[in-house]
Structures are given as C-alpha cells and as structure tokens.
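So that the names make sense, note that chain A is the first sequence line, chain B the second, and so on, each numbered from 1.
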Amino acid sequence: MRKIFALYRNELEKTFHRATTWLLLGLMVVSTFGVGALLRLGIKITESYTFGGLHINSQGEEVDADTYYSQLLEEETASLRSSLETEKARLHPDGTLKETFDGESGMGAADVYSSIASMEASLFLMEFAQKHGLDYYNYRFYVDAFLEEDYDFRGEILVIMRTFADTYYLLETNRQYRSLELHEAAQYALAKQALEQCDKIALSGDYQAWLDLQVSAVSLLAGDEGSKQAMLAQYELLRKANPDGKTNPALIYPVIADITTLERSLADDVEYDDAGGGNATPLTDKRRAELENKLAIANYRLDHRYFSVDSALRRLLGVSIPSYDLMKQTGQSLLVILVLILAGSTIAQEIATGSIKALIIAPVRRRKILVAKALSIFTVAVAGSVVLFGVLMAGEAAFFRSELHQPFVYAAEGVAHALPFGFYRAAELAVDLLPILNWLSFALMLSTLLRNTAAAVGISLGGYFLSNTLGQVLQMLPQSWALRFIPMLHYDLGASVFSSGESQSAMLAELLSGGGDSSGTISAGFSACYLAVLVFCFGLTAYDSFCKKDLK
Amino acid sequence: MSETVLRIENLSKCFGKRWVVQNVSFDVRPGEVFGFLGPNGAGKTTVIKMIMGFLRPDSGRILLNGYDREKQYEKAMERIGGIVENPEMYKEFSGRRNLELYARLHHAAPSRVEEVVRTVGLENRINEKVKKYSLGMKQRVGVAQALLHRPNILILDEPTNGLDPAGIRELRDILKHQAHEEQVAVMVSSHMLAEMELMCDRVGIIENGVLRGVMDVGSMLEQVSGGEMYVYTLADVPKALALLQEADSPARVAEQAEQSLTLAIPRDALAATSSLLAQAGLLGLQKKQNTLEDAFIHITGGGTQIA
Ligand SMILES: Nc1ncnc2c1ncn2[C@@H]1O[C@H](COP(=O)(O)OP(=O)(O)O)[C@@H](O)[C@H]1O
Ligand SMILES: [Mg+2]
C-alpha cells in the first residue's frame, strides 16, 4: 500500500505538471460558464425580440413590440369591421340570403350567421383588449409567465372569453331571425352574464371571481361528462395551488393534470392517458405501485409549489435540453476528453519516451504501477467533477433564476421525499464518475495494448463521440432485451438515477414509442452493474498486456 | 565477503525465432566491478533488461541478493540500481525533481538527493529541466538515480556513452569507489575494451548471445601468454636470446624484431630477466599496453570486430 501511495503521488504530480491537464480543466470551466452565459443571452434576445425588439409595421417603419402590436390590433379591428359589414350585407333584413347559390357551394343562411357571429365575437374581444390594455396577441404571455416575478392573470381572460363570446354572438345572431330554444336561451343568458362579469374582473382584478367564472364556463364546453368532471376537479386544485393568482397556471396545469389523471386511474383500477379517461389499459399490481408513487410525487410538487419552470423555459427558448443539463454535458464532455487523453497516453507515452524505465527498475510490481496510474487519473476526474459542480452552481446562480433550482422529488411506497437541489446535483455528478471510470479504463486498456499514444487517445476519443451520437440513435429503437447490452445506453447514468421522467432520453423514448410508458427503459441499477463489469474487463485486459508482456 | 549478490543461471531469451541470449551464467560479487563486454548486438542489453525486470527470461534464473526475481519480485528489486540503455527521465521536470520522485518510490530521505547530486557533480545544473540536458548530463543524472537508494547491486548499461574523457574518468572513480569502498556489486556493460581494462576487476565476454568466458583482468594476460608483456630495446638481440635460453628463463618470447624483443614475463621474474638482459646491451624497457585486446582476440578467436 505504501508503495502504491508513493507511486500515486508521483503520478498525480506528473499529471498536474502537464499543460494539457490545466488547459482542459480551464476549458471545462470556461465552456461550462460560457454555455450558461449563451443561454442567458438567448433568453435576453428572445425577451427583447418579444418586447423591445424592432418590428416592421405596415407602414414599413421600425417600431417597438408594444407599438407594433397595438397598431396591428387597430388595423385588424378596422379590417374585421369592414369584413363584417360585407358579410352582413349578404342578408336581407328578414335574414334570408340575397344571392342565390348553385347547389355546389351549399352555403346557406345559417353558415353566414355563424360567420357573422364569429367575426362579431372576435371584434368584441379585440375591442375588449383595447379597452383594458390586454395583450390580444399573447406576445407577452411566455415571458411574463417564466421570467416575471408576478404573473397577471388578466392576460388569460381573453382566452376564456372566447368561449363565452362565441356562444353569445352565435345565439345573438340567430336570435334576430328566430326565437331561441329553451336551453339556448339559458346558454345565451349565461354567456351574456359571463361577458359582463369578464368586464368587471378585468377592471377590478378580482381573482376569485375569475376562478368562479372559469368553473361556470365548463358547462358551455363541448365534451363528455367525464372530462368535464375532470376539469372541475382541476379548477378546485388550481384554486388551492394558486390562491392569489400570481403564478402562471401554465406551470401548475401539468402537475394538476397528472394528479387528476392518476387519481382517476387508481380509483377505477385502470390506467388512463389523460384525466378525461382516454385510452384505458388494465392496471397490474406493479404498475399500480408505480402510479401511487407518481401521484405522491405530483402531490408533493403541488404542495411545495415545485413546478417545472425549466421545461417551460425550454419551450420559450426552443432548446430541447434544460440549461443545467446543457452546462453539465458541456463540462463533463471536456472532463471526459481530459481523462481520455491522460489515460490514453499514460503508459504509451512513458514507454515511448523511456521514462517508464525508472518505474520498472523501482521495486514495485507492474500491477501497482497500473493501479497507481488509474487512481491518479481517477483523482483528476473527481477533482474535475468537484470543480465542475462549483462552476455549475455558480453558473446557475449567475445566469438563471433560483426558482429553477428545484429539489429532486422521488417517492417510495407511496411517500414522496425530496433531495435539495445542490445535494442531488452533486450526487448526480458523483454517480457519473462510474461512466467516466469506464472511459478511463477503456483508454488505459488501449494505451497498454497499443503502446501508442496517438492511437490510444484517438481511438478512445472517437469511441466517446461515436457512442454519444450512437447512444441517442439507439435510444430511439424499440426497447428489447438484447439492446440492454449495448454499452452506449448506459453512459447517462447520473441522469437515469435522478430521472424525473423529464430527462432527454425519457422524453425521446416517450416521443417515439408514442406513449408515456417508461417501464421499458433500462434501470439505473442494471446500468451500474453493466458498467462495473465493463470496467473490470477493460482493467483485466490492461493488466494482462502491461504486466505480463515484455517491455522491449 | 565473497558471497554472490547477483547470480545468473542459464539465462536464455528468444526474440521471435532467434535466440538472442543462450545459457548465460555468471555471478557478481560485492566489492568488484564486473565488466560485461561484447560487440554491438551481442545481447548485453537483453541480459540487463532481463535482470532489471523489463523482459521475462525464456529459461534460466536470476537471483538478486538471494531472492528469485520471478518469485519475490519486490524483495529482489529492493536493492538494485541501474541504467538500461540511455537514461530517460521526465523531460518536463528538473533533474532534481526527477530524483525526488524516484526517491519517493524508495522512501529515501530527501537529503540523499543532495548527496548523489554532489557525487555526480551536477550541483550547478540540477535545477534545470531535463530536456535541456546533454546526453552526458543525463547519464550523470542516471547514475545519481541509480545510486540514490544505496543499492548493493549496481547495473549500468554502457554508462560511458556521451561522456567526455573527464566524465569517463569521474565515472570510473565513482564505480570503483562504490565497489571497493562501499562493497557494492557493480556490473558495467560496454563494447569498448580499453574502458573495461581500466574499470573492471573481472570481465565477462559475450558474443552472439553466448558467454565466451569470465576472467580476472589481471590473470587474463597470463592466460594468453603466461605473463605480462614487456618490450625490451636491446643492442644485441641474438645475444639476448642466447642468454635467455642459457638461464632457462620463464620469460617467453612473444615477438622478435631487429632491435627489440617482446617478452611475456611472470610477475616475479621481471627483475631477474631484466638484469640478465642487461648483459645484451639493454637500451630501454617498456610495459606493453592494450594487451587486453590481445586477450580478447585470443578468447573470441579474433573473428569479431571490436569498436
Ligand atoms: N525488441 C527486439 N526485438 C527483436 N530483436 C531484438 C530486440 N531488441 C534487441 N534485439 C536483438 O537482440 C540482439 C541483442 O541486442 P542487444 O541486447 O540490444 O545487444 P547489445 O546491447 O549487446 O548491443 C540484437 O541482435 C538485436 O537485434
Ligand atoms: Mg546495448
């Protein structure tokens, strides 16, 4: 042991004496930070594009977003108003069509009525938006939602109002030419009242009244009784989760939708795809336990208000990977490159320069030399990961809102637990040391086998990049038993241990398999065992070729 | 005192289909400098690499301080120091740092580094990076490294390569000191005869992977010619020959010229022979140099070229 320690210290000293080590560690820090800064810049650009960015209006002038959209609204209002006049002019005062149609077009008076009604509804909404200064084009919606501290729920009023306005104007138009049926009259009255209510709410900002109004809108919607029930349940949860209306419901809805779907699935002992009870499949005991855990997690998130801001932000930016993961992947790949260079050159280079002689002459067995070398490079990987962790935390704090730093929520036997953000991110990096060790032993094996630095480093780097791309392609293939033994599928270990079902691979798998069934994905435990076996095999080969063969 | 610390038994090594070393056996004892002499490609480095653990012998045994190299590797290698072929070090480190790293592997005291640096006379340049060193300087650092942990077996493969004449002399003194004062068993390989003659107590001659013989440098001459060689310059050579015959002298005539006789004379007969030849008009007496070359050619049958 004492000899290994002495060898280890020497190896460490040699490693940190190399310019490559410092260069790549520096590059890792800079690139990781740089990616974070670029993402932040991306958000800034998106923000300024949406708000402050220059838009060319119909007069060909450059104006800011607010002016642009208010001008656009005025213009569209005017043009819609004239279209409406034209449309109305097609009718006689008694509601019959002026022109006669051939049978082909089949357009009747009722079609003109509904066309008029939808125009009137739009016109109403446009005027309403102008009157209350609301964002008709929703251009502020995303940025408001994810980057502003306080969310103004009035931005959504227009969305709900469309339902009321459509109903109201359709019945209003019909009413001029015929008397309404009884249920129509009730709907008409409800819609009319709702529109008045909207006006009041837009003025007063009364959030509770707004929630009540949404509940009453449910009865106007098309759809079966089951999904209406689910919507009502969701509004109830929303009322609890967002009592003051300061949180964008777009953040809360995914969690709420999960909860209602899961509760309904568990109650009916059948797994549904959505809260409306779609696509039911029978529930096994194992799956039931999984769903119970999922429900615990969703409830925990709702209670602690851990909403997936990050995925919403991703949607805004149009990037497929969360900012943290993007930064992490950048840093880690540079760290792996460093490890591959060090491990690929360590034996081969010493043989080439002859400096290995001093080690061979020393009274230490060759296997100890190998172990000391592997240990010292692994130490670099650990030190690099520690540095990377610091950089990631600093980068996240510097560039992104702290709300993004949510704990990792998991559940066991139906009870949810949470690991703090910093803790689980550190643990994730620690878990990722196993794949890095795998790469290390691979390169070390090549180094001893080929005794050629360029070949060992080149092949291992090539293997690393190939497996990165190949891994993503392979993940798209349908899950099968044989596929689990392809190494490329196991290198994302940290993410698979701490997967919230939102990891890139899980999302891809979901996308491609067309369903949310993650039960087919490889378990983290299997991956870890598999990688351990690989490390052992690579190590054994390295041992055999370095310790048993002549050094000519 | 005469127990062997380095024993080689029937060592053979095959590269591909060629036997590069065949059945080589010899001992090196404490307190002696053992020369390993042979032309380029004779297999000197191969033998040394087997001793040092670079190559695994195809047959034979290597005993270091009584330990079998194959069975008790670390114990056997504990007290061995040396240079194989050219001394190679970490070029980006200074000579000192190289020595310090090596000292760590042997758990040697840091003060020992200063001592060996002084021994090889590199105090002025030891803090420079090795990549700035000349071959001779590297050779010195190599020797320093080899001495660092006070080995009792020192094996140097062509250590005079790249050294200037003064450096060679210093190295010779160092090695002699190690052997004769510190009782280290020193083994030095070389393809240069003259060097061996000055440096070694015993010489083993290897050729084409076969050890042709091992002998004392002193007695080597006698084996060839029955004594040391002296050149007498004489006024009357025929008379001298007659005198020698008459006195039944142990001196043998090796060479005869018009004005000189080259005689092989046993050590104890030098005085008597000289006084006898004084009667034939002794004009001068000179000990003949380079006689080892004669011995070498005698042993190897004169078939090989010695550089
Ligand atoms: N790595 C090798 N592979 C094949 N043959 C070798 C190798 N190294 C040395 N040899 C051969 O072995 C013989 C002995 O070489 P070596 O021991 O280096 O000689 P020396 O040191 O006496 O000059 C030479 O003929 C050489 O060609
Ligand atoms: Mg040689």
Side-chain angles (χ1 to χ4, degrees), chain A residues 1-23 341-342 345-373 375-377 448 451 453 543-552, chain B residues 13-15 20 45-46 48-58 64-65 67 69 72-94 97-108 129-131 138 141-142 145-146 148-149 151 153 155 157:
Chain A
M1 270 331 272
R2 203 164 141 225
K3 285 194 171 134
I4 289 192
F5 187 62
L7 280 167
Y8 167 74
R9 282 179 63 191
N10 281 3
E11 290 303 326
L12 218 52
E13 192 169 331
K14 284 186 247 168
T15 307
F16 281 107
H17 199 265
R18 287 180 70 164
T20 315
T21 308
W22 292 107
L23 191 79
I341 291 175
L342 292 178
S345 63
T346 183
I347 299 274
Q349 190 167 310
E350 290 222 33
I351 290 177
T353 63
S355 56
I356 192 94
K357 287 177 190 174
L359 290 174
I360 299 294
I361 295 173
V364 284
R365 286 203 161 270
R366 286 196 204 168
R367 60 164 182 265
K368 292 187 183 171
I369 299 173
L370 198 66
V371 168
K373 280 184 177 295
L375 272 181
S376 75
I377 300 169
T448 58
R451 299 191 179 175
T453 307
Y543 169 79
D544 186 68
S545 70
F546 179 61
C547 304
K548 298 274 170 69
K549 298 205 174 106
D550 281 348
L551 275 172
K552 286 183 181 171
Chain B
K13 180 74 193 176
C14 182
F15 283 150
V20 171
T45 299
T46 306
I48 288 176
K49 277 188 172 174
M50 284 192 277
I51 300 173
M52 298 295 230
F54 289 78
L55 306 175
R56 185 160 283 174
D58 289 320
L64 298 160
N65 286 315
Y67 298 110
R69 240 275 326 282
Q72 285 167 293
Y73 187 87
E74 292 190 352
K75 277 218 166 79
M77 297 299 288
E78 195 69 59
R79 298 197 62 200
I80 185 165
I83 307 176
V84 177
E85 288 187 313
N86 298 321
E88 314 284 359
M89 274 148 283
Y90 300 106
K91 294 185 175 57
E92 296 298 322
F93 284 109
S94 67
R97 200 67 204 134
N98 266 287
L99 292 175
E100 283 166 354
L101 291 180
Y102 193 70
R104 195 181 272 160
L105 294 184
H106 281 283
H107 311 294
K129 284 189 177 180
V130 167
K131 65 178 173 192
K138 279 195 235 167
V141 181
Q145 194 176 58
L148 193 68
H149 55 294
I153 303 170
I155 298 178
D157 190 15

* Between B:Glu92, B:Met89, B:Gln145, which has the largest tally of heavy atom pairs under 4.5 Å with chain A? -> B:Glu92
* **Among the listed options B:Met50, B:Lys91, B:His107, the residue most often paired with chain A at heavy-atom distances under 4.5 Å** => B:His107
Portion of [X] that has a non-hydrogen atom of chain B nearer than 4.5 angstrom:
{"X": "A:Lys14", "result": "both"}
{"X": "A:Glu350", "result": "side chain"}
{"X": "A:Arg18", "result": "neither"}

* **B:Arg97 versus chain A, the contacting section by heavy-atom distance below 4.5 Å** => side chain
* Asked: Checking heavy atoms, do the side chain of B:Lys75, its backbone, both or neither come under 4.5 Å from chain A?
  -> neither
* **side-chain contact (heavy atoms from CB on, under 4.5 Å) against B:Val20, all qualifying residues, sequence neighbours excluded** => B:Phe15, B:Arg18, B:Thr46
* Please name all residues satisfying side-chain contact (heavy atoms from CB on, under 4.5 Å) with B:Thr45, sequence neighbours left out, ordered by chain then number. => B:Lys49, B:Val84, B:Glu85, B:Asp157
* Asked: Going by the angle between their ring planes, with limits at 30° and 60°, are A:Phe16 and A:Trp22 parallel, tilted or perpendicular?
  -> tilted
* Among A:Lys548, A:Lys3, A:Arg2, who wins on heavy-atom pairs under 4.5 Å with chain B? -> A:Arg2
* To do: Would you mind telling me which of A:Leu551, A:Leu359, A:Ile356 has the largest number of heavy-atom pairs within less than 4.5 Å of chain B?
  => A:Leu551
* **Short side-chain donor-acceptor distance under 3.5 Å, B:Lys129 and B:Ser94** => no
* **Donor on one side chain, acceptor on other, B:Arg79 and B:Asn65, under 3.5 Å** => no
* Asked: Are A:Asp544 and A:Arg367 within salt-bridge range, i.e. N to O under 4.0 Å?
  -> no
* For the residue pair B:Ile80 and B:His149, what are the closest heavy atoms and their distance? -> O-NE2, 2.8 Å
